[in-house]
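Taking it in order: structure first as structure tokens, then the write-up.
Throughout, protein chains are lettered first and strands after them, A, B, ... in sequence-line order, and every chain is numbered starting at 1.
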Protein chains: 4
Amino acid sequence: MSRISTTQKSRKMPSQERSRLTVDAIIQASTYILTEVGWKGFTTNAIAERAGVNISSLYQFFPNKEAIVAELQKRHAAEMSDELHKILQLVSLQGSLKQVLTLLVHMIVEKHKVAPAVHKAVLEEVPLTLKTSCSDADSQLRILFLEALKPFMQNVPNPELAIHIITVTAQALINNIIVERPKLLQGTEIVTELVALYEYYLERPTATTLP
Amino acid sequence: MSRISTTQKSRKMPSQERSRLTVDAIIQASTYILTEVGWKGFTTNAIAERAGVNISSLYQFFPNKEAIVAELQKRHAAEMSDELHKILQLVSLQGSLKQVLTLLVHMIVEKHKVAPAVHKAVLEEVPLTLKTSCSDADSQLRILFLEALKPFMQNVPNPELAIHIITVTAQALINNIIVERPKLLQGTEIVTELVALYEYYLERPTATTLP
Amino acid sequence: MSRISTTQKSRKMPSQERSRLTVDAIIQASTYILTEVGWKGFTTNAIAERAGVNISSLYQFFPNKEAIVAELQKRHAAEMSDELHKILQLVSLQGSLKQVLTLLVHMIVEKHKVAPAVHKAVLEEVPLTLKTSCSDADSQLRILFLEALKPFMQNVPNPELAIHIITVTAQALINNIIVERPKLLQGTEIVTELVALYEYYLERPTATTLP
Amino acid sequence: MSRISTTQKSRKMPSQERSRLTVDAIIQASTYILTEVGWKGFTTNAIAERAGVNISSLYQFFPNKEAIVAELQKRHAAEMSDELHKILQLVSLQGSLKQVLTLLVHMIVEKHKVAPAVHKAVLEEVPLTLKTSCSDADSQLRILFLEALKPFMQNVPNPELAIHIITVTAQALINNIIVERPKLLQGTEIVTELVALYEYYLERPTATTLP
DNA sequence: TATGAATGAGCGTTCATTCAT
DNA sequence: CATGAATGAACGCTCATTCAT
């Protein structure tokens with residue numbers, strides 16, 4: 001399965017104000033189509049038409065369709081990352097594990113409530129084969145999480161793995177809830193449950209051993 | 001988003017043995033293409049060619065492409081379900097929570113190791129829009145889990161939600177590990193961690209309350 | 001400059017009578033467009049439309065545009081080859097060099113008169129990069145020429161090269177005349193000249209040496 | 001002072017001088033692309049980018065793509081012509097036919113060896129439909145050839161046609177050899193053969209008649 | 001019934017060329 | 001004037017699906 005590198009010759013970055021608008025229109029149209037129509041309708045022609053720009057203009061700024069998807073993901077990840085960043089720095093040095101966890105989980109859930117459509121679309125519609133590793137944003141995020149939660153860990157043999165498990169499961173669960181049980185997002189139950197899930201996982205009474 | 005009815009009944013009940021073989025050939029070819037080539041190569045023509053059946057024959061047994069995907073997922077889910085069924089019945093009445101959890105998680109992990117390609121393909125390649133809710137198989141499974149783990153629960157306000165959380169997170173985590181850290185599957189660490197994650201989540205020392 | 005092999009997976013050969021007609025229609029339409037419109041108008045869509053077949057049908061029998069060009073050339077070369085074959089076998093064993101040469105050149109010229117449009121189109125319109133080596137037909141032809149003319153050669157150091165030179169120059173000259181001086185084809189002058197050109201080249205009075 | 005002159009320059013001369021540079025850059029870029037990439041990559045945008053000039057500037061000096069091709073051919077033809085000019089004037093009045101022919105053919109071959117890439121590109125990549133008749137350069141050249149070789153002709157009924165035949169066939173053969181048998185260019189065999197071909201064609205023992 | 005042939009709709013992408021600043 | 005941005009018109013090609021034998 002040969003894949004063309006997504007980051008090939010990224011077409012000219014817009015230098016004039018005019019083209020900045022064009023690029024924004026394309027991104028906006030892409031977002032709209034992905035969220036409202038889905039991946040099947042996510043065609044370059046449709047995007048250009050919805051953006052009100054010529055298809056060739058689209059290709060002047062994005063070398064191919066994948067690049068649009070990548071940009072979408074990049075922007076989405078950056079948004080999330082920024083916000084998390086701020087909050088993490090605020091809460092990291094104060095409070096109990098439960099308090100910190102509550103804040104973190106609450107924040108994640110809130111973040112997902114804000115733009116659930118985009119989030120869902122990026123996560124659900126884009127074929128996983130096209131997903132950029134997001135490693136930059138993700139790994140940075142995990143480092144922050146690690147630093148914020150490490151002080152509370154007890155008997156955790158592999159803190160980095162624990163953080164990995166937490167972030168992956170939290171993301172997955174919230175996404176699943178968005179899709180399958182959206183009403184749960186409106187209460188606090190889901191936050192409570194996730195805090196409960198992770199609290200004792202990090203503060204283990206004794207080392208976990210197989211009997 | 002208008003969707004064409006996905007789950008029309010398969011046009012023809014394979015009453016004869018020949019039909020059964022044809023359908024199997026199609027399913028087998030579909031599986032091969034999905035795992036070895038990916039969703040992009042998953043075209044009805046390609047499937048028919050690989051299956052050695054005429055494209056029209058394919059459409060005699062499957063009303064459209066989605067039906068093939070649905071059948072694939074159905075078979076895959078059924079396979080998993082069956083196995084889980086058996087094991088769950090074996091272990092449900094004996095041992096401690098940790099033992100039961102260990103067995104369950106170990107089993108899930110093992111199951112994923114056996115056919116990771118198919119699993120990954122069904123999970124990663126098929127656009128989520130096409131994913132049948134799998135509610136039949138899944139909900140049955142969750143009932144089994146619920147029955148197996150309920151006796152151990154302490155201070156769990158919503159057992160059904162807890163099971164939901166466990167199954168969703170476990171699936172997600174294992175899938176993530178298959179994709180991003182496949183080497184972890186070879187050791188027992190991941191099982192240990194998941195057991196640790198769920199053990200105290202189900203046997204909570206005291207009711208979880210926000211301070 | 002990477003080239004994709006032209007002879008990749010040549011699509012299904014037509015087995016039914018119906019598709020034979022389709023292929024013929026495509027070839028005929030291709031010929032028409034190439035001769036009457038030129039390379040610039042030689043698009044697969046135009047060919048299909050002119051042929052009265054669906055564009056997809058075209059691609060059912062030709063893997064890509066190059067394959068159509070190749071088929072065109074193949075058929076054209078085969079036609080020429082066949083005729084030359086026959087005539088060469090007739091004249092090879094009788095007459096003087098001048099007579100044989102006259103027949104050969106006359107035949108080539110006549111052949112070009114018959115289908116000058118196709119010939120010109122294949123030779124002039126198709127970018128040389130797409131020209132198949134034609135080695136099969138051409139080399140066979142040259143072998144025939146060699147056998148027919150070798151008995152007459154005197155003091156020719158490299159008969160095979162001489163044949164190469166003769167065929168290449170004859171082709172080129174006639175093509176040039178078709179394009180630039182078509183009226184010359186109507187008289188016998190051009191035949192006379194070519195015979196004169198080749199006659200003494202093959203029957204050299206003495207070995208050619210540099211003084 | 002220098003400032004004034006500079007201003008003057010930048011108003012008048014330099015604009016012409018600049019234009020020249022721009023045109024040269026375009027021509028140079030065109031040559032590069034045609035030789036190194038081929039006709040398929042020969043797009044106005046690519047040319048402008050490679051030349052380091054804006055696409056609109058390109059269209060300020062060339063009304064369309066064809067004009068670039070024409071200029072390319074014109075310059076190439078002029079180059080060849082110039083050189084031939086000089087040599088022809090040198091050799092025309094001395095030596096035997098064989099000597100003159102040898103010099104001429106040798107010169108043509110050498111000329112092709114020098115810039116075979118450009119030559120080949122202009123000849124092979126440009127669709128023949130776009131080829132300018134080159135009549136200016138070519139006909140001038142042929143006149144020179146005619147004057148140089150006419151004194152040696154014996155029993156040649158149509159000297160002008162003979163020259164036409166010689167130039168066309170020589171060009172074609174050498175081009176063919178560049179493409180198909182480039183190794184032949186390294187020896188003298190090809191020169192010898194061409195001289196042999198033309199020598200007796202021009203000095204015919206007796207008038208050529210059909211029996 | 002099983003098969004080869006057919007097809008409409010559309011996709012991603014390009015390019016020669018022109019506008020507008 | 002020079003430049004970045006814009007654009008219309010295609011182009012090569014695919015695919016899910018249906019027809020006709």
How long is the line joining [atom1] of [X] and [atom2] of [N], in whole Å?
X: B/Glu49; N: F/dA16; atom1: CD; atom2: P; result: 13 Å
X: C/Lys40; N: F/dC11; atom1: NZ; atom2: P; result: 11 Å
X: C/Ile55; N: E/dC11; atom1: CD1; atom2: P; result: 16 Å
X: B/Ile68; N: F/dA16; atom1: CD1; atom2: P; result: 9 Å
X: A/Phe61; N: F/dA6; atom1: CZ; atom2: C1'; result: 9 Å
X: C/Arg20; N: E/dG4; atom1: CZ; atom2: C1'; result: 15 Å
X: B/Ile26; N: E/dA2; atom1: CD1; atom2: P; result: 11 Å
X: C/Leu58; N: F/dT14; atom1: CG; atom2: C1'; result: 13 Å

Using distance alone, with no hydrogens and no angle criterion, decide if D/Ser56 and D/Asn54 have a side-chain donor and acceptor under 3.5 Å apart. yes
Minimum-distance nucleotide (side-chain atoms of [X] versus [options]):
X: A/Arg18; options: F/dT18, F/dA9, F/dA5; answer: F/dA5
X: A/Lys65; options: F/dC15, E/dT17, E/dG12; answer: E/dG12
X: B/Ser56; options: E/dT3, E/dT13, F/dA6; answer: E/dT3

Searching all strands shown, indicate the nucleotide that pairs with E/dA5 (Watson-Crick or G-U wobble; both distances under 3.5 Å). F/dT18
By nearest-heavy-atom nucleotide on DNA chain E, the more 5' of D/Phe42 and B/Val53 is B/Val53
Would you say a side-chain N or O of [X] is under 4.0 Å from OP1 or OP2 of [N]?
X: C/Tyr59; N: F/dT14; result: no
X: D/Asn54; N: F/dG4; result: yes
X: C/Ser19; N: E/dA6; result: no
X: A/Gln60; N: F/dA6; result: no
X: C/Asn64; N: F/dG12; result: no

Does CD belonging to A/Glu49 count more than 12 external heavy atoms closer than 6.0 Å? no
Should the side chain of C/Asn45 and the base of F/dG12 be counted as holding a donor-acceptor pair, with the cut-off at 3.5 Å? yes
Show the nearest heavy-atom pair for residues B/Arg75 and B/Val23, with the distance to one decimal. NH2-CG1, 3.8 Å
Decide yes or no on side chain to side chain contact (heavy atoms under 4.5 Å, CB included) for D/Trp39 and D/Leu34, but give the supporting numbers first. CA-CA 6 Å; D/Trp39 177 253; D/Leu34 200 54; 4.1 Å; yes
Categorize [X] for me: base, sugar-phosphate, or nothing, with a 4.0 angstrom heavy-atom threshold over every strand shown.
X: D/Phe62; value: nothing
X: B/Thr44; value: base
X: B/Ser57; value: base

If you assign each of B/Thr43 and C/Gly41 to its closest nucleotide in DNA chain F, which residue comes earlier from the 5' end? C/Gly41
Under the criterion side-chain contact (heavy atoms from CB on, under 4.5 Å), which of B/Ile47, B/Thr44, B/Val69, B/Ile27 is the partner of B/Phe62? B/Ile27
A/Asp24 bridged to A/Arg18 by N-O distance under 4.0 Å: no
